[in-house]
Asks: 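Pasting a structure below so you can have a look.
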Amino acid sequence: MTGTTLTDRALIRISGEEARPFLQGLLTRDVLTLRAGEPRWTGLLTPQGKALYDFILWSDGDDVLIDCEAAQAEALAKRLTLYRLRRKVVIEREEMLAVHWSLEAPGKPADPRLAALGHRWLAPPAPGDAAAAFRAHRLSLGIFEGAGELGQDQTLWLETNAGELNGVDFDKGCYVGQENTARMHYRSKVNRRLVAVPLTQADEKRQRAALPDLGLSIELRRVEDIDPATLPPWLAAAIAEHAAG
């Protein structure tokens with residue numbers, strides 16, 4: 001049984017009267033306008049604009065649910081707690097719900113990064129595990145996530161293709177890493193991109209992750225060194241547009 005539950009994901013609930021303003025000053029997406037049924041992919045960055053954690057935000061009334069890597073959930077909760085200081089915010093694991101995914105799920109929200117990723121929703125856990133199926137599908141589209149693929153404090157947020165995958169709001173105001181991220185965007189200085197290449201063409205100096213089961217190497221390569229024919233259409237079009245602009 002494959003099922004729909006993504007067992008490699010966890011949920012963290014952010015609640016309290018200052019929950020949304022608290023997250024607003026940290027994350028790359030606008031949290032104040034987050035609405036039910038409209039999830040947003042976002043990042044928590046270093047002050048230099050490098051990815052630490054990526055995750056998907058869900059609105060649940062005044063609360064916000066963070067859909068994140070299960071393996072990183074505890075570390076992410078601790079990091080957020082460091083930023084909390086004396087704010088009226090509660091950070092805790094949400095155990096009653098799970099993240100679900102299916103390529104075909106009419107009426108469920110589309111993945112906020114790219115519609116071709118399929119549909120994603122929150123519901124109580126169910127039998128089965130869709131994690132491997134989703135991972136293979138996601139990587140076939142050239143979309144990366146998590147500490148193992150993006151690297152922690154290694155890759156600038158826009159180098160992860162976050163601009164093309166709806167991972168940043170450039171008009172939301174300040175957040176951790178905003179200055180360098182905005183400068184790269186407005187000066188069109190995204191000179192490197194995270195891409196997947198056949199494992200037989202791997203360059204260990206550029207490699208973020210080796211995926212022998214899929215025959216892929218995830219690497220940070222200079223744009224001029226990337227063969228457009230090897231890119232997924234959404235990324236090839238974006239790079240061509242940047243070059244033309």
Asks: Are Leu45 and Val168 connected in a single hydrophobic cluster, I mean Ile/Leu/Val/Met/Phe/Trp/Tyr linked by side-chain heavy atoms less than 4.5 Å apart?
Replies: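 Both belong to a single hydrophobic cluster.
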
Asks: Between Leu139 and Glu149, is any pair of side-chain heavy atoms under 4.5 Å apart?
Replies: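 Contact flag for Leu139/Glu149 side chains = yes.
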
Asks: Knowing that exactly one of Trp41, Tyr175, Tyr53 qualifies, which makes a ring-ring contact (aromatic ring centres under 6.0 Å, His included) with Trp157?
Replies: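 When ring-ring contact (aromatic ring centres under 6.0 Å, His included) is applied between Trp157 and each of Trp41, Tyr175, Tyr53, only Trp41 qualifies.
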
Asks: Say you draw a straight line from CD of Glu179 to CE of Met184; how long is it, rounded to the nearest 0.5 Å?
Replies: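 Going from the CD atom of Glu179 to the CE atom of Met184 covers 13.0 Å.
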
Asks: Are Val176 and Val64 connected in the hydrophobic side-chain network, where two residues link if heavy atoms are under 4.5 Å apart?
Replies: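 Result: yes, single cluster for both.
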
Asks: Calculate, to the nearest 0.5 Å, the distance between atoms OG and CZ belonging to Ser140 and Arg135 respectively.
Replies: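 CZ of Arg135 is found 11.5 Å from OG of Ser140.
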
Asks: Closest heavy-atom contact between Cys68 and Ile12?
Replies: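 In this case the closest contact between Cys68 and Ile12 is SG-CD1, 4.0 Å.
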
Asks: Between Gly3 and Ala130, which heavy-atom pair has the shortest distance, and what is it?
Replies: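 Shortest heavy-atom separation between Gly3 and Ala130 comes out as O-CB, 3.6 Å.
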
Asks: Is a side-chain donor or acceptor of Thr5 paired with a backbone partner of Ala126 at a separation under 3.5 angstrom?
Replies: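 Yes.
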
Asks: Rounded to the nearest 0.5 Å, how far apart are CG of Leu122 and CG of Leu6?
Replies: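 If I round to the nearest 0.5 Å, the distance is 10.0 Å.
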
Asks: So which heavy atom on Ser59 is nearest to which on Gly61, and how close?
Replies: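 Minimum heavy-atom contact is OG-O, 3.5 Å.
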
Asks: Hey, any chance Leu76 and Phe22 share a hydrophobic cluster, counting ILVMFWY side chains that come within less than 4.5 Å of each other, even indirectly?
Replies: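 Leu76 clusters together with Phe22.
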
Asks: Flag yes if Ile66 and Leu165 sit in one hydrophobic cluster, no otherwise; membership is Ile, Leu, Val, Met, Phe, Trp, Tyr, and two members link when side-chain heavy atoms are under 4.5 Å apart.
Replies: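 The answer is no; the residues belong to distinct hydrophobic clusters.
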
Asks: Taking all non-hydrogen atoms of both residues into account, name the closest pair between Leu194 and Phe144 and its distance.
Replies: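 For Leu194 and Phe144, the tightest heavy-atom pair comes out as O-CE1, 3.3 Å.
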
Asks: Rounded to the nearest 0.5 Å, what separation is found between the CG atom of Leu231 and the CD1 atom of Ile239?
Replies: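 Taking CG in Leu231 and CD1 in Ile239, the distance rounds to 5.0 Å.
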
Asks: Quick check for you: to the nearest 0.5 Å, what is the distance between Ile143 atom CD1 and Glu164 atom CD?
Replies: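 CD of Glu164 is found 11.0 Å from CD1 of Ile143.
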
Asks: In plain terms, say whether Arg120 and Asp67 are close enough for a salt bridge, that is, a side-chain N and a carboxylate O under 4.0 Å apart.
Replies: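 Yes.
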
Asks: Say whether Leu34 and Leu80 are linked into one hydrophobic cluster, either directly or through other cluster members, by side-chain heavy-atom distances under 4.5 angstrom.
Replies: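 Leu34 and Leu80: one cluster.
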
Asks: Under a 4.0 Å N-O cut-off, is there an ion pair linking Arg208 with Glu159?
Replies: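 Salt bridge flag = no for Glu159 with Arg208.
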
Asks: Please examine the side chains of His185 and Thr181, heavy atoms only from C-beta on, and report whether any two atoms are closer than 4.5 Å.
Replies: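 Heavy-atom side-chain distance check fails, nothing below 4.5 Å.
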
Asks: Can a donor-acceptor pair be found, under 3.5 Å and without considering hydrogens, that links the side chain of His100 to the backbone of Pro124?
Replies: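 Indeed, once roles are kept as given, a pair shorter than 3.5 Å links the two residues.
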
Asks: Are the side chain of Thr7 and the backbone of Asp129 linked by a donor-acceptor contact shorter than 3.5 Å?
Replies: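 No, because the side chain of Thr7 does not come within donor-acceptor range (under 3.5 Å) of the backbone of Asp129.
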
Asks: Does atom CD (Glu224) have a neighbourhood of more than 12 heavy atoms from anything else shown, all under 6.0 Å?
Replies: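 Enclosed.
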
Asks: Would you check if Leu44 and Phe55 make a side-chain contact, meaning some heavy-atom pair closer than 4.5 Å?
Replies: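 Counting from C-beta outward, Leu44 and Phe55 do come under 4.5 Å.
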
Asks: Go through the steps for Trp234 and Asn161 under the test side chain to side chain contact (heavy atoms under 4.5 Å, CB included), then give the verdict.
Replies: CA-CA 10 Å; Trp234 64 268; Asn161 307 311; 3.9 Å; yes

Asks: Is the backbone of Leu117 close enough, under 3.5 Å, to the side chain of Trp101 for a donor and an acceptor to pair up by distance?
Replies: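 Yes, Trp101 side chain to Leu117 backbone: donor-acceptor pair under 3.5 Å.
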
Asks: Tell me if the CD atom of Gln154 is crowded by more than 12 foreign heavy atoms within 6.0 Å.
Replies: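 Check passes, neighbour count above 12.
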
Asks: Do any N or O atoms from the side chain of Lys172 and from the backbone of Leu27 form a donor-acceptor pair under 3.5 angstrom?
Replies: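 Such a contact is found between Lys172 side chain and Leu27 backbone.
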
Asks: Between Asp111 and Arg138 (salt bridge meaning N to carboxylate O under 4.0 Å), is one present in this structure?
Replies: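 Between Arg138 and Asp111 there is no salt bridge, as every charged N stays at least 4.0 Å from the carboxylate O atoms.
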
Asks: Do Pro39 and Leu57 have side chains that get closer than 4.5 Å, going by heavy atoms?
Replies: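 They are not in contact (no side-chain heavy atoms under 4.5 Å apart), so the answer is no.
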
Asks: Would you tell me whether Thr33 and Asp30 have side-chain atoms, one donor and one acceptor, within less than 3.5 Å of each other?
Replies: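 Present: a donor and an acceptor within the cut-off.
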
Asks: Check whether any side-chain N or O of Ser217 sits under 3.5 Å from a backbone N or O of Ala210 as a donor-acceptor pair, and report yes or no.
Replies: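 No.
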
Asks: Spell out, as yes or no, whether a donor-acceptor pair under 3.5 Å connects the side chain of Gln24 to the backbone of Arg20.
Replies: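 Judged by distance alone, no pair lies under 3.5 Å.
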
Asks: Checking side-chain polar atoms at under 3.5 Å, does Arg40 have a donor or acceptor matched by the opposite partner on Asn166?
Replies: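 There is no such pair (donor and acceptor under 3.5 Å, judged by atom type) between the side chains of Arg40 and Asn166.
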
Asks: Run Arg113 and Ile56 through side chain to side chain contact (heavy atoms under 4.5 Å, CB included) and show every step you take.
Replies: CA-CA 9 Å; Arg113 292 165 288 188; Ile56 292 174; 3.9 Å; yes

Asks: So, the side chain of Asp63 versus the backbone of Ser15: is there a donor-acceptor pair under 3.5 Å, distance only?
Replies: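 Looks like no, no N/O pair under 3.5 Å.
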
Asks: Under the 3.5 angstrom rule, does the side chain of Gln152 hit a backbone N or O of Leu52 as a donor-acceptor pair?
Replies: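 Present.
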
Asks: Which is it for Leu216 and Leu199 under the side chain to side chain contact (heavy atoms under 4.5 Å, CB included) test, yes or no, and what are the steps along the way?
Replies: CA-CA 5 Å; Leu216 296 175; Leu199 199 55; 5.9 Å; no

Asks: Looking at Glu18 and Val89, would you say the former's side chain and the latter's main chain have a donor-acceptor pair under 3.5 Å?
Replies: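 No.
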
Asks: Would a 4.5 Å heavy-atom cut-off, applied to side chains only, mark Thr28 and Thr42 as touching?
Replies: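 They are in contact (side-chain heavy atoms under 4.5 Å apart), so the answer is yes.
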
Asks: Is there a salt bridge (Lys or Arg N to Asp or Glu O under 4.0 Å) between Arg206 and Glu219? Walk through the geometry before answering.
Replies: CA-CA 5 Å; Arg206 303 173 179 177; Glu219 302 184 2; 5.4 Å; no

Asks: Could you give the distance from CG (Asp227) to CZ (Arg221), rounded to the nearest 0.5 Å?
Replies: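 If I round to the nearest 0.5 Å, the distance is 10.0 Å.
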
Asks: Are there more than 12 heavy atoms of other residues, nucleotides or ligands under 6.0 Å from atom CZ of Arg222?
Replies: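 Result for CZ/Arg222: enclosed.
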
Asks: Is the number of heavy atoms from other residues, nucleotides or ligands within 6.0 Å of CD (Glu92) greater than 12?
Replies: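 Yes, the 6.0 Å shell around CD holds more than 12 heavy atoms from other groups.
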
Asks: Apply side chain to side chain contact (heavy atoms under 4.5 Å, CB included) to residues Arg13 and Arg93 and explain how you reach the verdict.
Replies: CA-CA 6 Å; Arg13 180 178 292 275; Arg93 288 286 292 271; over 6 Å; no

